[in-house]
Student: 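Supplied in structure tokens, the structure appears directly below.
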Amino acid sequence: MTRIYDAQKFNSAYLEFICKGSFNETPDYYPRYRSRYEALIKRYCDLASSTPLKVLDVGGGQFGLLCNKLWDDDAWVADIGGIHLDYVESQGLQVKKWNLCLEEPPFKEEFDFIFFSEVIEHLPMPGHIALERLKKALKPGGQIICSTPNLYRLRNIVYMAIGKQIFDYFRIPETKGLGHVMEYSIDHLQWQIEKSGLENCHIEYCQMPHSPNDPVFRVMYWMGSPLFLVPRFRDTLVAIAQAPSN
């Protein structure tokens, strides 16, 4: 039996623990991007059993915190550091400092589920290496959900047309994380996932109902929104894959 998604409970938890929490982004980020968190939590509900699971959130910790507050999952957060780790730890989550780019996982076959949302595009390394490390942290048959911007999204097409820089410079991080050093097409992400040894990969194009912060680009986004009927131009790739069962 899968999880039951309750919109009212989600909205309440999101407001209390995410919008009013202490994370790395500016305060207006989380109300604006609520739809992304909701969409991935709904997918998690479709995949997860009704009983509490052991969950790892690699990155900000928002998904792990929501899973813990909504369903009492045993939620862990792993990241290179930041104020958000202190915050989620104060909320009862387990925290582990881990530089995914440089280190093997401090876990072995421990987790039923991993959230890897909006992280892989920040890593200056082949995606399959990061994914293989995450695979080692999954129990046999455990699942991972990975979301990342679509290389062919409308925003990138506009940036390229007007000569605006799309990506951060590809380099080893120094004292903090990087911006987007690369983005993936659906076939490239599929290849990276399969190369890592994860199985039963399914990737879809998604368009979340939020708009850019910049007013000029917001107008351009609205004008170009009919193009989202073509999946290739949608903003986000959402991939679900599974660790081998044996």
Side-chain angles (χ1 to χ4, degrees), residues 1-5 10 13 17 36-80 84-85 88-89 91-120 122-123 125-148 184 189-204 237-246:
M1 181 178 178
T2 56
R3 298 285 172 94
I4 295 174
Y5 174 77
F10 171 84
F17 299 108
R36 174 166 65 86
Y37 293 92
E38 182 181 31
L40 297 191
I41 285 292
K42 284 181 176 179
R43 282 168 173 75
Y44 173 67
C45 285
D46 291 338
L47 298 166
S49 64
S50 58
T51 55
L53 299 178
K54 189 170 184 179
V55 175
L56 175 64
D57 185 344
V58 179
Q62 296 90 355
F63 292 101
L65 187 54
L66 288 167
C67 289
N68 176 260
K69 299 303 181 183
L70 291 171
W71 300 292
D72 200 31
D73 286 329
D74 179 11
W76 291 61
V77 179
D79 205 346
I80 59 175
H84 61 294
L85 295 183
V88 296
E89 189 170 33
Q91 293 295 324
L93 273 64
Q94 300 292 323
V95 167
K96 192 74 175 179
K97 288 189 177 181
W98 178 27
N99 189 329
L100 179 56
C101 285
L102 302 177
E103 302 166 356
E104 288 296 312
F107 318 101
K108 184 177 180 181
E109 296 187 354
E110 291 189 31
F111 296 97
D112 300 292
F113 202 93
I114 292 178
F115 286 97
F116 192 44
S117 177
E118 312 299 305
V119 175
I120 195 170
H122 295 274
L123 304 180
M125 64 188 299
H128 67 86
I129 295 177
L131 290 162
E132 185 175 3
R133 288 172 178 168
L134 294 177
K135 181 189 69 175
K136 294 175 183 178
L138 282 169
K139 295 177 182 178
Q143 297 182 88
I144 182 170
I145 184 167
C146 171
S147 72
T148 188
Y184 293 84
L189 184 60
Q190 179 97 26
W191 186 92
Q192 297 288 343
I193 291 171
E194 292 175 353
K195 177 71 173 176
S196 76
L198 290 164
E199 300 176 345
N200 300 325
C201 176
H202 171 74
I203 308 176
E204 61 181 295
L237 303 177
V238 176
I240 296 168
Q242 190 172 30
S245 297
N246 50 14

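This one's a predicted model, so the numbers in the text were calculated from it and none came from an experiment. Throughout, residue positions are numbered sequentially from 1 according to the sequence presented.
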Student: Please list, chain by chain and in numerical order, all residues satisfying ring-ring contact (aromatic ring centres under 6.0 Å, His included) with Phe113, sequence neighbours excluded.
Tutor: Tyr44, Phe115
Student: To the nearest 0.5 Å, how far apart are CG in Asn99 and CG in Leu123?
Tutor: 9.0 Å
Student: Would you list the pairs meeting side chain to side chain donor-acceptor pair (under 3.5 Å) in which at least one residue belongs to residues 131-141, sequence neighbours left out?
Tutor: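 Qualifying pairs: Glu104-Arg133, Glu104-Lys136, Asp112-Lys139.
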Student: Asp79 and side-chain hydrogen bond (donor to acceptor under 3.5 Å, both in side chains): which single residue from His84, Lys97, Lys96 fits?
Tutor: His84
Student: If you round to the nearest 0.5 Å, how far is CD1 of Ile193 from CD1 of Ile240?
Tutor: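 That separation rounds to 10.0 Å.
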Student: Which atoms form the tightest heavy-atom contact between Ser117 and Ser147, and what is the distance?
Tutor: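 Heavy-atom minimum between the residues: OG-OG, 2.8 Å.
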Student: Taking the side chain from Asp73 and the backbone from Lys54, do they hold a donor-acceptor pair closer than 3.5 Å?
Tutor: no
Student: Identify the two heavy atoms, one from Pro105 and one from Trp98, that lie closest to each other, and give their separation to 0.1 Å.
Tutor: CA-CZ2, 3.4 Å
Student: Locate the shortest heavy-atom distance separating Val88 from Gly60; write the atom from each residue and the value.
Tutor: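 Of all heavy-atom pairs spanning Val88 and Gly60, the closest is CG1-O, 4.5 Å.
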Student: Before you tell me yes or no, could you show the steps for Leu138 and Leu198 under side chain to side chain contact (heavy atoms under 4.5 Å, CB included), namely the whole-Å CA-CA distance, both residues' side-chain angles and the distance that decides it to 0.1 Å?
Tutor: CA-CA 10 Å; Leu138 282 169; Leu198 290 164; 4.2 Å; yes
Student: State, with a plain yes or no, whether a side-chain heavy atom of Gln62 is found less than 4.5 Å away from one of Arg36.
Tutor: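 Heavy-atom side-chain distance check fails, nothing below 4.5 Å.
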Student: To the closest 0.5 Å, what do you measure between OG1 (Thr148) and CZ (Phe116)?
Tutor: 8.5 Å
Student: Working to the nearest 0.5 angstrom, can you tell me the gap between Asp74 CG and Leu56 CG?
Tutor: 10.5 Å
Student: What heavy-atom pair brings Pro140 and Ser245 nearest, and what distance separates the two atoms?
Tutor: CB-O, 3.3 Å
Student: Within this structure, what is the CD-SG distance for the pair Glu194 and Cys201, rounded to the nearest 0.5 Å?
Tutor: 6.0 Å
Student: For a 4.5 angstrom cut-off between non-hydrogen side-chain atoms, does Leu131 reach Ile120?
Tutor: yes
Student: Are the side chains of Ile41 and Cys67 in contact, using a 4.5 Å heavy-atom criterion?
Tutor: yes
Student: Can you tell me how far the CG atom of Asp72 sits from the OG1 atom of Thr51, to the nearest 0.5 Å?
Tutor: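 So the gap between those two atoms works out to 11.5 Å.
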Student: Between Tyr184 and Ile203, is there a side-chain heavy-atom distance shorter than 4.5 Å?
Tutor: no
Student: State, to 0.1 Å, how close Leu53 and Ala48 come at their nearest heavy-atom pair, and which atoms those are.
Tutor: CD1-CB, 3.7 Å
Student: Is Lys69 reaching over with its side chain to a backbone N or O of Gln91, donor-acceptor style, under 3.5 angstrom?
Tutor: yes
Student: Sequence neighbours excluded, which residues qualify as ring-ring contact (aromatic ring centres under 6.0 Å, His included) partners of Tyr37?
Tutor: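 Tyr37 satisfies ring-ring contact (aromatic ring centres under 6.0 Å, His included) with Tyr14, Phe63 once adjacent residues are dropped.
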Student: Report yes or no: does Arg3 contribute a side-chain atom to a donor-acceptor pair with the main-chain N or O of Ser49 at less than 3.5 Å?
Tutor: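 Yes: the side chain of Arg3 pairs with the backbone of Ser49.
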Student: Could you check if a side-chain atom of Phe10 sits within less than 4.5 angstrom of a side-chain atom of Leu66, using non-hydrogen atoms only?
Tutor: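 They are in side-chain contact.
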